[in-house]
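Note that ligands are numbered from 1 as they come in the structure, with each ligand's atoms numbered from 1 the same way. All residue numbers in this chain count up from 1 along the given sequence.
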Amino acid sequence: MAFTKVCSLDDLWEGDMEMRPVGKVPVLLVYPEGGEIHAFQGICPHQQVPLWDGKFEGTTLTCKAHEWTFDGNTGEGINPGGCTLAEYKVKIEGEDVYVDVEGVTPTFAAATGEAITTDK
Ligand code: FES
């Protein structure tokens, strides 16, 4: 698959997040304050809850289910650590935002077998 247009820059303001499907893949677009637009897997790696139902504040994404938090600039787990959101390629052309999901597999905690610890 190639890059697919998912929205225009007017649809995603700095500090916001939006879910935009690419085919059957739910893609979470985030625009961290002071950063650039990123596209991450739309489903939480913990227990597969939609991340777009959570909160995005500043640069931090919080899942609504058990409040795992992720860095919106990198996708890295803040709490717990050791769990990073899969990231898709983003391309901006003019006012349009494109995402390429090819070759990227979402991360799921149960599938990785990694030891994930939480401060909670
Ligand atoms: S499903 Fe997201 S934190 Fe548990």
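- Cluster membership check: Phe108 shares its hydrophobic cluster with Phe40, using side-chain heavy-atom separations under 4.5 Å among Ile, Leu, Val, Met, Phe, Trp and Tyr.
- Between the side chain of Gln41 and the main chain of Thr107, a donor-acceptor pair closer than 3.5 Å is present.
- For atom 2 (Fe) of ligand 1, the nearby protein N/O/S atoms, meaning those under 2.8 Å, are Cys44 SG, Cys63 SG.
- Expressed to the nearest 0.5 Å, how far OG1 of Thr62 lies from CH2 of Trp68 amounts to 13.0 Å.
- Between Met17 and Leu28, some side-chain heavy-atom pair lies under the 4.5 Å cut-off.
- Going from atom NZ of Lys64 over to atom NZ of Lys55 covers 12.5 Å, rounded to the nearest 0.5 Å.
- For the salt bridge (charged side-chain N to carboxylate O under 4.0 Å, His left out) test, residues two or more places apart in sequence or in another chain that qualify with Lys91 are Glu93.
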